[in-house]
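Following this message is one structure expressed as structure tokens.
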Amino acid sequence: MSDKRWPFPWPEDSIAHYTAYRVPEPPAIDGRLDEAAWGLAPRSPRFVDLITGKPTVHDTRAAVLWDDTHLYVGFWVEEPFVEAKLTERDSLIWSENDIEVFVAGADAYYELELNALGTIYEALFVWEDAYERAGFSKAPEFSRTAPGAKPWNGVGFDKHPRGPRLGLFNWDMPGLRAAAAVDGTINDNADRDRGWTAEIAIPWASMGWLATDGRALPPRDGDTWRMDFSRFNTYRGAKPAEDSGGWAWSAHGVWDSHVPELFPHVHFSTKVVGGEG
């Protein structure tokens, strides 16, 4: 038995697990989550504070579905006063209230952020120890001199055991579709809103750079990927709540989403959602 200590700020045995089922037909990516499959998909537990793992003031949940062509992610966001102003792609969406999805590969991971207007922010991060070995250095889109490319060491957990990363902040996932739908009146605090929902479709065919370890695209039955699901807010819950403003499906123990070892385990099943097989 190894006596090496787990080097990450949240217990390994407390990281969430989830089973993602197949969808019988592709959902319309309109942000509404009104297809029957979303009603049948298992939803995450209520998100918790990213740092402490404690309860949050509003409800947030997510679910994952898939088929042979896409990975689908849905979010249900309770928010009494829905606000979003940024409309230009790759604006600093994290400066508003947003939802975020990270998809980890063997040697890189992808980040997607979305606000309640459906505005997209994306980035790709490549581990420096794999930059040459896994072939990233040979692709012009991952050049160290590409627009938006810069060294990256995370946010609050800036001494990752694997070392530094190259952040590619102008990189776009080919074929990505994402949308949001508001249940209320956005940017009008004269009334209370119920919140908003988000719907995302990521093509498996575009995730080759996340599959440098030879993993199947689309996944095979029983395959496991690591994915993170979070929500960031410009407001905080009232004291005595210890609200960091970052909420997640599975806590990280630190103000940093860029720790793939702490992402939930998403297990893929070839069973149709809500069915017997």
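Numbers for residues simply follow the sequence, beginning at 1.
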Considering only heavy atoms from C-beta outward, does the side chain of D193 approach that of P80 to under 4.5 Å?
->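 Not in contact.
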
Between N187 and E83, a side-chain donor and acceptor under 3.5 Å =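 No.
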
Specify the closest pair of heavy atoms between S257 and L50, including all atoms of both residues, with the distance to one decimal.
->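 Looks like OG-CD2, 4.5 Å.
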
Separation of I93 CD1 from T87 OG1 (nearest 0.5 Å) |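 If we round to the nearest 0.5 Å, T87:OG1 and I93:CD1 are 8.5 Å apart.
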
Indicate the atoms forming the closest heavy-atom contact of V266 with A20, along with that distance.
->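 Scanning both residues completely, I find the closest heavy atoms to be CG1-CB, 3.9 Å.
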
R22/D68 salt bridge by N-O under 4.0 Å criterion =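 Salt bridge present between D68 and R22.
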
T119 side chain reached by E88 side chain, heavy atoms, under 4.5 Å =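 With C-beta onward as the side chain, the pair stays apart.
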
With sequence neighbours excluded, residues passing salt bridge (charged side-chain N to carboxylate O under 4.0 Å, His left out) with R226 =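 With neighbours one apart ignored, the set is empty.
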
Mind checking ring pair (Phe, Tyr, Trp, His ring centres under 6.0 Å) for W152 and listing every partner two or more places apart, or none if nothing turns up?
->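 W152 satisfies ring pair (Phe, Tyr, Trp, His ring centres under 6.0 Å) with F125, F169, H258 only.
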
E132 side chain vs S137 backbone, donor-acceptor pair below 3.5 Å =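 Checked: no pair found.
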
Backbone of W196 reached by a side-chain donor or acceptor of D183 within 3.5 Å =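 Flag not set: sc D183 to bb W196 has no pair under 3.5 Å.
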
List the atom of G156, the atom of D256, and the distance in Å for their closest heavy-atom pair.
->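 Smallest heavy-atom distance, with atoms named: N-OD2, 3.2 Å.
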
Can you sort out the partners of F157 under ring pair (Phe, Tyr, Trp, His ring centres under 6.0 Å), two or more places apart, ordered by chain and number?
->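 Residues passing ring pair (Phe, Tyr, Trp, His ring centres under 6.0 Å) with F157: F8, H160.
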
Between L114 and Y121, does a side chain to side chain contact (heavy atoms under 4.5 Å, CB included) hold up when you go through it step by step?
-> CA-CA 7 Å; L114 200 73; Y121 168 99; over 6 Å; no

Would you please test D67 and Y72 for side chain to side chain donor-acceptor pair (under 3.5 Å) and show each step?
-> CA-CA 8 Å; D67 59 19; Y72 303 104; 2.8 Å; yes

Do the side chains of W171 and F142 get nearer than 4.5 Å, heavy atoms only?
->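 Yes - at least one pair of side-chain heavy atoms lies under 4.5 Å apart.
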
Check whether any side-chain N or O of E113 sits under 3.5 Å from a backbone N or O of W94 as a donor-acceptor pair, and report yes or no.
->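 Flag set: sc E113 to bb W94 pair under 3.5 Å.
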
Would you call D49 and D243 a side-chain contact if the rule is heavy atoms closer than 4.5 Å?
->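 Counting from C-beta outward, D49 and D243 do come under 4.5 Å.
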
Within-4.5 Å side-chain heavy-atom neighbours: W66 and P219 |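 When only atoms from C-beta onward are counted, P219 and W66 do touch, with a gap below 4.5 Å.
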
Between the main-chain N or O of R220 and the side-chain N or O of D223, is there a donor-acceptor pair closer than 3.5 Å?
->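 Yes.
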
With a 4.0 Å cut-off, would you call E199 and R32 a salt bridge?
->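 Salt bridge between E199 and R32, a charged N being under 4.0 Å from a carboxylate O: no.
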
Can you name the nearest heavy-atom pair linking A116 to A84, along with the distance?
->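 So the two residues come closest at N-CB, 3.9 Å.
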
State, yes or no, whether a side-chain contact exists between D172 and D90 at a heavy-atom distance under 4.5 Å.
->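 D172 vs D90: side chains touch.
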
For R144, what residues pass the side-chain hydrogen bond (donor to acceptor under 3.5 Å, both in side chains) criterion, not counting sequence neighbours?
->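 Partners of R144 under the side-chain hydrogen bond (donor to acceptor under 3.5 Å, both in side chains) test: E128.
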
Decide yes or no on side chain to side chain contact (heavy atoms under 4.5 Å, CB included) for V101 and D228, but give the supporting numbers first.
-> CA-CA 6 Å; V101 177; D228 204 49; over 6 Å; no

How far apart are the closest heavy atoms of I29 and A179, and which atoms are they?
->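 Closest heavy-atom pair between I29 and A179: O-CB, 3.6 Å.
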
Crowded around R215 CZ? As in, over 12 foreign heavy atoms under 6.0 Å?
->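 Yes, the 6.0 Å shell around CZ holds more than 12 heavy atoms from other groups.
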
Does a salt bridge link R231 with E79, judged by any charged N lying under 4.0 Å from a carboxylate O?
->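 Looking at R231 and E79, the cut-off is met.
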
Does a side-chain heavy-atom distance below 4.5 Å link Y235 with H58?
->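 Y235 reaches H58 side chain to side chain.
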
Do M227 and F102 pass the side chain to side chain contact (heavy atoms under 4.5 Å, CB included) test, and can you show the C-alpha distance, the side-chain angles, and the key distance before you say yes or no?
-> CA-CA 5 Å; M227 302 183 190; F102 286 69; over 6 Å; no

Give a yes or no on whether the backbone of E96 and the side-chain of T234 come within a donor-acceptor separation of less than 3.5 Å.
->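 Absent.
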
Not counting sequence neighbours, which residues clear ring pair (Phe, Tyr, Trp, His ring centres under 6.0 Å) with W10? List them please.
->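 Listed in chain order: nothing, the list is empty.
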
Can you run down the ring-ring contact (aromatic ring centres under 6.0 Å, His included) pairs that involve residues 14-51, sequence neighbours left out, and say none if there aren't any?
->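 Sorted pair list: H17-H265, H17-H267, Y18-W249.
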
Would you call L86 and S95 a side-chain contact if the rule is heavy atoms closer than 4.5 Å?
->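 Yes, side chains in contact.
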
Evaluate the criterion side chain to side chain donor-acceptor pair (under 3.5 Å) for residue pair T52 and E242; output intermediate values, then yes/no.
-> CA-CA 8 Å; T52 66; E242 297 177 41; 5.4 Å; no

Apply salt bridge (Lys or Arg N to Asp or Glu O under 4.0 Å) to D107 and R162, showing your working.
-> CA-CA 10 Å; D107 298 310; R162 189 166 176 178; 2.8 Å; yes

Less than 6.0 Å separating the ring centroids of W225 and W204?
->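 Ring centroids of W225 and W204 are less than 6.0 Å from each other.
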
How long is the gap from OG1 on T197 to CD on E78, to the nearest 0.5 Å?
->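 Taking OG1 in T197 and CD in E78, the distance rounds to 13.5 Å.
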
Expected output: side-chain R46 to main-chain T56 donor-acceptor under 3.5 Å =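 Flag set: sc R46 to bb T56 pair under 3.5 Å.
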
Looking at F229 versus W247, is the centre-to-centre ring distance below 6.0 Å?
->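 No: the rings miss the under 6.0 Å criterion.
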
Check the pair R89, E122 against salt bridge (Lys or Arg N to Asp or Glu O under 4.0 Å), reporting the backbone distance first and the verdict last.
-> CA-CA 9 Å; R89 191 182 181 113; E122 296 174 277; 2.5 Å; yes

Considering non-hydrogen atoms only, spot the tightest contact between I15 and S250 and give its length.
->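 I15 and S250 have their closest heavy atoms at CA-OG, 3.6 Å.
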
